[in-house]
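One structure is given below, encoded as structure tokens.
Values reported hereafter were calculated over all heavy atoms of this structure, with side chains retained and with hydrogens, waters and symmetry mates removed.
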Amino acid sequence: MSSLLHRIFPCLDSNKPASIRCNVFRLSLPVLLSSLFQRLVAIVDIFLTGGLGASAIAATGLGQLQIFVIMTIFWGLSTGTTVVIAHLTGAGRHEEAKRAAGTAVLFCLGLTAIVSLIGAYGGGELARLMGATPEVQKLAHEYIRLVFLWLIWTTGVNILSAIMHGVGNTRTPMEGILLVNILHILLAWPLIYGKFGLPAMGVKGAAIAINCSEFIGCSYLLWQAFRRGYLTIGLPDRELFSRIWQVGWPVALERVAQQSGQLVYSSVVIAYGTTAYAAHQIGLSIESLSFMPGAGMGIAAATLMGQSLGARKYQRAHVSHVEALRLALVVMGVMALIFLLIPQYLVMIFTHDPEVIRQGAVFLRIVAFAQIPLAISFVYAGSLRGAGDTFYVFIVTLLTMWGVRVLLAWIAGPVLHLSLYAVWGVFLVDWYVRAVAFAWRYHKRDLHGITL
């Protein structure tokens with residue numbers, strides 16, 4: 001059986017020299033699974049709270065959206081950490097890579113303390129400003145406050161995973177996220193519905209389950225980071241932090257532009273009613289599964305690009321990008337077919353409300369046509385980040401999110417009063433423009449002139 005698997009998937013054979021395609025596969029598969037498991041935490045909450053009604057789904061979705069928005073700055077820090085450590089590792093400067101990791105962790109701790117307080121006490125008010133009903137506001141406030149108060153475990157998992165991605169270890173973060181998911185599923189159901197003698201806490205129970213499971217996952221990754229020698233804790237290194245932030249701050253602004261734009265876009269959708277937003281949120285949860293291959297290939301492209309440029313292997317850098325792109329296109333193309341053929345059955349996993357199922361199925365069929373440009377955007381953006389070109393990625397994201405998606409959604413909804421499907425269709429225009437912009441930039445870059 002083992003020999004048959006190695007013939008079908010030669011990259012699984014550790015006794016053979018690794019090709020570039022195998023390196024992309026070995027790096028991206030754990031990232032893909034990590035992303036899947038990480039996203040499953042949010043999807044499980046939507047799935048489990050679905051039994052409480054549309055208001056609970058909408059409240060959980062609003063809470064998760066705010067978490068994504070506030071995490072933008074940490075994603076910038078993580079990307080900068082991954083790229084700088086990848087360059088240092090590729091150049092054989094391992095002690096500097098350890099100091100860079102320690103500096104990133106210390107900065108992450110300080111930043112988390114500030115952000116936790118802001119989110120815990122301001123998140124409920126933001127739900128009101130977005131137009132949520134009083135019932136949704138009350139449920140969202142409980143969820144948001146608890147998740148933000150213990151945000152340290154979420155940001156800890158994020159930064160420790162970034163450090164390991166930079167050195168080329170994507171398997172250990174996958175193990176940590178898998179541990180989080182197992183514990184989350186074991187805790188969430190009894191806490192939400194009051195099983196095994198526990199009180200029924202509703203959406204509040206979902207938040208408690210997230211906090212407990214991510215505490216264990218963060219502790220596991222921290223132990224592995226010290227055990228494997230990826231991390232040295234000491235006084236922060238200003239020069240290394242400057243390099244990390246030089247790469248990371250455009251990514252932070254990029255995510256701010258993306259997630260804040262998503263908030264405004266969601267406010268246009270929620271104006272069509274709670275049922276419409278519930279369908280939108282379920283559709284996003286399902287569609288996000290197709291993000292995982294693209295995100296995995298994007299991180300693999302960034303890591304291999306950074307390590308190859310650090311080692312001054314320019315041809316290898318380009319070939320790694322091409323292989324990541326091929327894999328992303330194949331996998332996300334398959335996801336597009338699934339969304340086109342059986343969307344209603346996917347939505348029925350989350351809810352039995354016939355109107356939510358009907359609208360959610362239309363949403364999935366629309367976004368099926370975005371899968372190919374999504375694959376192109378993820379991989380090209382990942383390669384550009386690995387080359388340190390994060391400012392361009394930020395500018396493109398800013399212009400497409402606000403100048404295309406938000407602007408056109410506002411025109412289609414509040415101005416022209418078109419159907420919800422027209423607002424959802426704006427999603428396609430956004431990603432096609434991004435795909436062209438990222439591909440154009442990559443093919444104009446001279447990899448030989450890149451230094452960090």
Worksheet item: Taking atom CH2 of W245 as the centre, does the number of heavy atoms from other residues, nucleotides or ligands within less than 6.0 Å exceed 12?
Response: yes
Worksheet item: In Å and rounded to the nearest 0.5 Å, what is the OH to CD1 distance from Y432 to I372?
Response: 8.0 Å
Worksheet item: V83 and R385: which non-hydrogen atoms are nearest, and at how many Å?
Response: CG2-O, 3.4 Å
Worksheet item: Going by atom types only, do T103 and D237 share a side-chain donor-acceptor pair under 3.5 Å?
Response: no
Worksheet item: For atom CD of E239, is the number of surrounding heavy atoms from other residues, nucleotides or ligands below 6.0 Å larger than 12?
Response: no
Worksheet entry | Parallel, tilted or perpendicular, as decided by the 30° and 60° cut-offs, for the rings of W153 and F215 | perpendicular
Discussion item. Please find the pair of heavy atoms, one from A409 and one from V426, that lie closest to each other, and give the distance.
Written reply: N-CG2, 3.9 Å
Practice prompt. Working to the nearest 0.5 Å, report the span between CH2 of W249 and CG of L77.
Written response: 15.0 Å
Worksheet item: Is atom OH of Y421 surrounded by more than 12 heavy atoms (other residues, nucleotides or ligands) closer than 6.0 Å?
Response: yes
Item to complete: May I ask you to test the F74-I159 pair for a side-chain heavy-atom distance under 4.5 Å?
Response: no
Discussion item. Can you give me the closest heavy-atom contact between L364 and F339, atom names plus distance?
Written reply: O-CB, 3.5 Å
Item to complete: Begin with the C-alpha distance, continue with both residues' side-chain angles, and end with the deciding distance and a verdict on side chain to side chain contact (heavy atoms under 4.5 Å, CB included) for I118 and F148.
Response: CA-CA 8 Å; I118 295 173; F148 270 107; over 6 Å; no
Fill in: Point-to-point distance, once rounded to the nearest 0.5 Å, from CG of L109 to OG1 of T155
7.0 Å
Worksheet item: Do L222 and L231 come close enough that some side-chain heavy atom pair is under 4.5 Å?
Response: yes
Item to complete: Locate the shortest heavy-atom distance separating G403 from L407; write the atom from each residue and the value.
Response: O-CD2, 3.6 Å
Worksheet entry | Heavy-atom neighbours of F369 CZ exceed 12 at 6.0 Å | no
Worksheet item: Would you say S213's side chain and N181's backbone share a donor-acceptor pair under 3.5 angstrom?
Response: no
Worksheet item: With under 30° as parallel and over 60° as perpendicular, where do the rings of H280 and F363 fit, or are they tilted in between?
Response: perpendicular
Worksheet item: Is the side chain of T89 donor-acceptor paired with the backbone N or O of V167 at a distance under 3.5 Å, no angle test?
Response: no
Discussion item. If we count only N and O atoms by modelled type, under 3.5 Å, do the side chains of E214 and T154 hold a donor and an acceptor together?
Written reply: yes
Practice prompt. Would you please test F438 and I376 for side chain to side chain contact (heavy atoms under 4.5 Å, CB included) and show each step?
Written response: CA-CA 8 Å; F438 291 145; I376 294 171; over 6 Å; no
Practice prompt. Consider only side-chain N and O atoms of R434 and T400, and report whether a donor and an acceptor are under 3.5 Å apart.
Written response: yes
Item to complete: Test I244 against F107 for side chain to side chain contact (heavy atoms under 4.5 Å, CB included), laying out the working first.
Response: CA-CA 11 Å; I244 290 171; F107 185 78; over 6 Å; no
Worksheet item: Are any side-chain N or O atoms of H352 and backbone N or O atoms of I357, one a donor and one an acceptor, separated by less than 3.5 Å?
Response: no
Item to complete: State, to 0.1 Å, how close V247 and P250 come at their nearest heavy-atom pair, and which atoms those are.
Response: O-CD, 3.3 Å
Item to complete: Scan side-chain atoms only and decide if E254 and Q258 contain a donor-acceptor pair under the 3.5 Å cut-off.
Response: no
Worksheet item: Is a side-chain N or O of Y380 found less than 3.5 angstrom from the main chain of V436, in a donor-acceptor match?
Response: no
Discussion item. Please check this pair: side chain of S242 against backbone of R238, looking for a donor-acceptor N/O pair closer than 3.5 Å.
Written reply: no
Discussion item. Measuring from atom CG of N158 to atom CD1 of I177, what distance do you get when rounded to the nearest 0.5 angstrom?
Written reply: 8.5 Å
Practice prompt. Give the C-alpha distance, both sets of side-chain angles, the deciding distance and a yes or no for side chain to side chain contact (heavy atoms under 4.5 Å, CB included) between W402 and L398.
Written response: CA-CA 6 Å; W402 287 90; L398 175 67; 3.9 Å; yes
Worksheet item: Could you state the interatomic distance from OG1 (T275) to CG (L420), rounded to the nearest 0.5 Å?
Response: 11.0 Å
Fill in: Shortest non-hydrogen separation from G413 to V268 and the atoms involved
CA-CG1, 4.5 Å
Worksheet item: Do Y392 and L384 touch side chain to side chain, with heavy atoms closer than 4.5 Å?
Response: yes
Discussion item. To the closest 0.5 Å, what do you measure between CZ (F241) and CG (L106)?
Written reply: 10.5 Å
